[in-house]
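Only one structure is covered here, and it is reproduced in the block below.
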2 protein chains.
Amino acid sequence: MKKSDTKKALLDAAEEAVRESGHDGFSYADLSNKVGIRKASIHYHFPGKADLLSSIMQRYRENLLKELAIINENTPKASDRLLSYISIYRSALKGGSALCLCVAFSIGQQTLDEQTREEISDFRKKIFDWLYNNFTLADKDGSISNLGNLKEETAGLISLVEGAQIGARFAHDMHYFDLSLNPFKKRLEN
Amino acid sequence: MKKSDTKKALLDAAEEAVRESGHDGFSYADLSNKVGIRKASIHYHFPGKADLLSSIMQRYRENLLKELAIINENTPKASDRLLSYISIYRSALKGGSALCLCVAFSIGQQTLDEQTREEISDFRKKIFDWLYNNFTLADKDGSISNLGNLKEETAGLISLVEGAQIGARFAHDMHYFDLSLNPFKKRLEN
DNA sequence: GTCTATAGGGAGATAGAC
DNA sequence: GTCTATCTCCCTATAGAC
C-alpha cells in the first residue's frame, strides 16, 4: 500500500479511537487490528504515539477552522452561524458514541505531551475568538435576544455545548444534547 | 493502624486521584505512595480496583445527596438553591486542578465496571430530579427570569456546569468557570 | 493488617530480516 | 513498507510469611 494511504488510514482509525475511548483508551494493538497492519509497522509512519496524536490534532484543527471560515463566508446572520456551530458539535456525537476530538483531548490533557496540549490550547482560543466575533456581530444585527456580556456569552456557549456532549455520550442519547441546547436556541431568531 | 482509618485514607486518596487524573490515570503504586502502605496491602481493604472505585462513588453520592437535601431545608428561594448547587461544583474544581467526582467518572465511563456505571447513572438522574424540582419551584416563586421548558432548563444547567468544569480545568483557571456561569446567574434574582 | 516476592498480562518501542 | 521477535516497563492481583 502507498505510504500516504496507510498513513491516512492510521490517522482515521486513531481519530475515531480517541473520540470513542480517549487517547489512552486505545493501543497500537487496537489500531493494528482496525487498519490491518502489524503494530510494529505503525512506528514507521509515526515514531511514537505522541507523533500520531499530534498529527490527528493538527489535521482536525485545520479542517474545523476551514469549516468555520466557510460558514462566515456563506452565512450572513450571526444566529445562523451559531446554529451551524452547534450542529457541527451535534453531528460529532455520532448518535452518542463519540465526542468531538477537541473535547476528547481536553478531558484527557494530563497525559498528553506538551506539544499536543499547546495545539489544543491554541485551537480552543481560536474557537473562542470565532464565537466572540459572531456574538459581536449578533450585537449589531440583533439576531440573538437578551445579549449580555459578550465574553460571558462566548464562554457560556462553549461550556454548554461541551457539557452537552459529555452528558449525551454518557447517556448514549442525542436527545440529551438537544434538550440542553434548546434554551439557548430559543434566543436565536430565524 | 485501625482498619477503618486505613480504609478511609485509601478512599480519600483514591477520590482525589480520580478527580485529578481519572480512574485509569492512577495506579495502586500511586495510592501506595500517598497513603504510606504497600500496594499489595490495598487488596486487603479492596479486593479489586473496581471495589475501590465503586466505594468512592457510593460515598460521594450519599454525601452530595445529603447536601442537596439540606439546601432544600435551609433555603426557601429556588434561585438561592441553584446558586448553592453551582457553588458546590465551583469549589470542587480546587482552583482548576480537579473535577467533581461525578464528572470525572462520567467522562471515563467506558472502562468502568457495570456496577459503578449504574451508580453514576442513577446519581445523575437524582441530580436531574433535584434541579428539575427546583426549576418547578422557580416557576412558582418567580425567582428566575425568562423560564422556558423546565426539562430543557434542567439539562441545560447541568451541561453548562459540567462543561464549565472541563474548560476551567483545561485552562487551570477558575475565571473560565465564572465567566461561563455568569449569563445564567444574571437570570437569578437575589 | 501489613509485609516481600512474584505471577501474568498488556503497553509502547526497537532491531534486523525481507 | 511491513514483517517477526524481543525488550523494558508498569499495571493489577495473588501466595504466603510475620
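The structure displayed is predicted, hence computed values, not measured ones. Just so we're on the same page: letters track the sequence lines, and every chain starts at 1.
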Where do A:D51 and A:S54 land on the side-chain hydrogen bond (donor to acceptor under 3.5 Å, both in side chains) test, with the steps shown first?
CA-CA 5 Å; A:D51 303 288; A:S54 163; over 6 Å; no
Expected list for residues 108-117 of chain B near DNA chain C, using heavy atoms below 4.0 Å, is none
Does A:F123 have its ring centroid less than 6.0 Å away from the ring centroid of A:Y60?
yes
With a 4.5 Å heavy-atom cut-off, do A:Y85 and A:I71 have their side chains touching?
no
Could you please spell out the steps behind the side-chain hydrogen bond (donor to acceptor under 3.5 Å, both in side chains) verdict for B:Q58 and B:E62?
CA-CA 6 Å; B:Q58 273 176 39; B:E62 280 171 31; over 6 Å; no
Between A:F135 and A:K151, is there a cation-pi geometry (under 6.0 Å to ring centre, at most 45° from the normal)?
no
Each nucleotide in nucleotides 4-18 of chain D should get exactly one letter: B, S or -. Can you fill that in based on protein heavy atoms under 4.0 Å?
BB-----SBBB----
Of all heavy-atom pairs between A:Y176 and B:R124, which one has the smallest distance, and what is that distance?
OH-NH2, 3.9 Å
To the nearest 0.5 Å, how far apart are OG1 in A:T154 and CG in B:L179?
8.5 Å
To the nearest Å, give me how far apart NE2 (A:H45) and C1' (C:dG12) are.
17 Å
For a quick test of reading the model: is some side-chain N or O of A:T6 closer than 4.0 Å to OP1 or OP2 of D:dT2?
yes
From A:D12, A:D5, A:T6, residue fulfilling side-chain hydrogen bond (donor to acceptor under 3.5 Å, both in side chains) relative to A:K8:
A:D12
Using a cut-off of less than 4.0 Å, is there contact between a side-chain N or O of A:Y44 and OP1 or OP2 of D:dT2?
no
